[in-house]
Amino acid sequence: MSVTDKEREEIEKSSAPLIEHLIELRRRLIWSLGGFFIAFLVCFFFAKRLFNLLVIPFKWATQWAGLDPHKVELIYTAPQEFFFTQVKLAMFGGMVIAFPLIATQIYKFIAPGLYKNERSAFLPFLIASPILFLLGASLVYFFFTPMVMWFFLAMQQVGTNDQVQISLLPKVSEYLSLIMTLIFSFGLVFQLPVVTSLLTRVGLLSSQALAEKRKWAIVLSFVVAAVLTPPDPMSQCGLAIPTIILYEVAIWSSRMIERSQARDRLAREQAEAGSSVASNTPDASST
């Protein structure tokens, strides 16, 4: 089956933009991976200092429990455990540090295919997303992690004649996994207003639909908290309650966006009506 000249020309026209998009995608991926790799190396160089920084909430919890914060001790039971813990910490820190660069590269890749009003609508969410993630991580670091560790420290048992001594000696890998899970969970939950606002702006969601699904959202908040957090009631409530509050913030934000869109639509209709009246008015000089 032979290909006509017209079909060959159409294939060449369609393949040229595809190759340009692939080249652009490769460039954005190189920038993203390069930024992550540099951030990973920096975090790995300071991995021990970063880990000691993450242990500070544990010291606060120890002080809340009435124990000596200078005697906080973590262990590792395998020779390679602390090394891989540092690698894991460097990867997590590298991703957090490089996220603004990665998000910028994603935006630059998709921005040429968006209209001007779509770019202006998308950019604020791109800025708000890392800020809200840092707010969630700060809540974990300064309040939630000390509270959880204090809860676990309260389960220790002092040795007497009738009972054995049971002390908390967390492993470095398990402690890092705990605090990383909490940071990721809260950071993800704090993106709820951003996601719902963006869906409302593009017309895929409404404040009325969010309000009607409030009961299901409350139930789902506790289910998600039970999956993402350690298996204790304090951790689950500590994540579920902020999620419910953020859901209410998302409803309020969606209503503000809908009101702003309604005002813009009304102003546009009035401008179009005024221009149509002006065009239909007879010219006074012609009469």
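The figures here come from the full heavy-atom set of this structure, side chains too, leaving out hydrogens, waters and symmetry mates. Each residue takes its place number in the sequence, starting with 1.
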Is it true that a side-chain atom of [X] and a backbone atom of [Y] form a donor plus acceptor pair closer than 3.5 Å?
| X | Y | result |
| --- | --- | --- |
| T145 | V140 | yes |
| Q191 | G187 | yes |
| S260 | M256 | no |
| Y141 | I56 | no |
| T196 | L192 | yes |

Would you call [X] and [Y] a side-chain contact if the rule is heavy atoms closer than 4.5 Å?
| X | Y | result |
| --- | --- | --- |
| S177 | K88 | yes |
| L54 | L176 | yes |
| P170 | F58 | yes |
| Y76 | K171 | no |
| Q86 | F82 | yes |
| S185 | V189 | no |
| I218 | R214 | yes |
| V72 | L74 | yes |

Run the side-chain donor-acceptor check on residues 39-53: report pairs under 3.5 Å with partners two or more places apart or on a different chain.
from	atom 1	to	atom 2	distance (Å)
N52	ND2	K48	O	3.1

Check your understanding: Going through the checks in order, is the side-chain contact (heavy atoms from CB on, under 4.5 Å) test met by S129 and F99?
Key -> CA-CA 10 Å; S129 182; F99 177 78; 4.2 Å; yes
**Study point:** Criterion side-chain contact (heavy atoms from CB on, under 4.5 Å) on L169 and E73, from CA distance to verdict
**Key:** CA-CA 6 Å; L169 289 175; E73 182 180 359; 4.0 Å; yes
**Study point:** Counterpart residues, side chain to side chain donor-acceptor pair (under 3.5 Å), relative to S173 (two or more places apart)
**Key:** E81
Would [X] and [Y] show up in the same hydrophobic cluster when neighbours are defined by side-chain heavy atoms closer than 4.5 Å?
| X | Y | result |
| --- | --- | --- |
| L153 | L182 | yes |
| V224 | V194 | yes |
| F143 | L246 | yes |
| L188 | V148 | no |
| F83 | V172 | no |

Is it the case that over 12 heavy atoms from other parts of the model lie below 6.0 angstrom from the [atom1] atom of [X]?
| X | atom1 | answer |
| --- | --- | --- |
| Q208 | CD | no |
| F184 | CZ | no |
| M91 | CE | no |
| W64 | CH2 | yes |

Kindly give the heavy-atom pair with the smallest separation between [X] and [Y], and that separation in Å.
| X | Y | value |
| --- | --- | --- |
| F186 | G136 | CB-O, 3.7 Å |
| G35 | L101 | CA-CD2, 3.6 Å |
| T77 | I75 | CG2-CD1, 4.3 Å |
| Q156 | L168 | OE1-N, 2.8 Å |
| W150 | A61 | N-CB, 3.4 Å |
| P193 | V249 | CG-CG1, 4.3 Å |

Review point. Are F133 and F190 an aromatic pair by the rule of ring centers under 6.0 Å?
Key: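 Not close enough - the centres of the two rings lie 6.0 Å or further apart.
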What is the distance from atom [atom1] of [X] to atom [atom2] of [Y], rounded to the nearest 0.5 Å?
| X | Y | atom1 | atom2 | answer |
| --- | --- | --- | --- | --- |
| L210 | E212 | CG | CD | 9.5 Å |
| L220 | K213 | CG | NZ | 13.0 Å |
| M180 | L89 | CE | CG | 7.5 Å |
| E174 | T181 | CD | OG1 | 11.5 Å |
| I183 | F144 | CD1 | CZ | 12.0 Å |
| S221 | I244 | OG | CD1 | 5.0 Å |

Point to revise | Verdict with reasoning, M149 to T62, per side-chain contact (heavy atoms from CB on, under 4.5 Å) | key: CA-CA 8 Å; M149 296 308 299; T62 304; over 6 Å; no
Practice item. Answer yes if the side chains of E258 and S206 hold a donor-acceptor pair under 3.5 Å, and no otherwise. Key: no
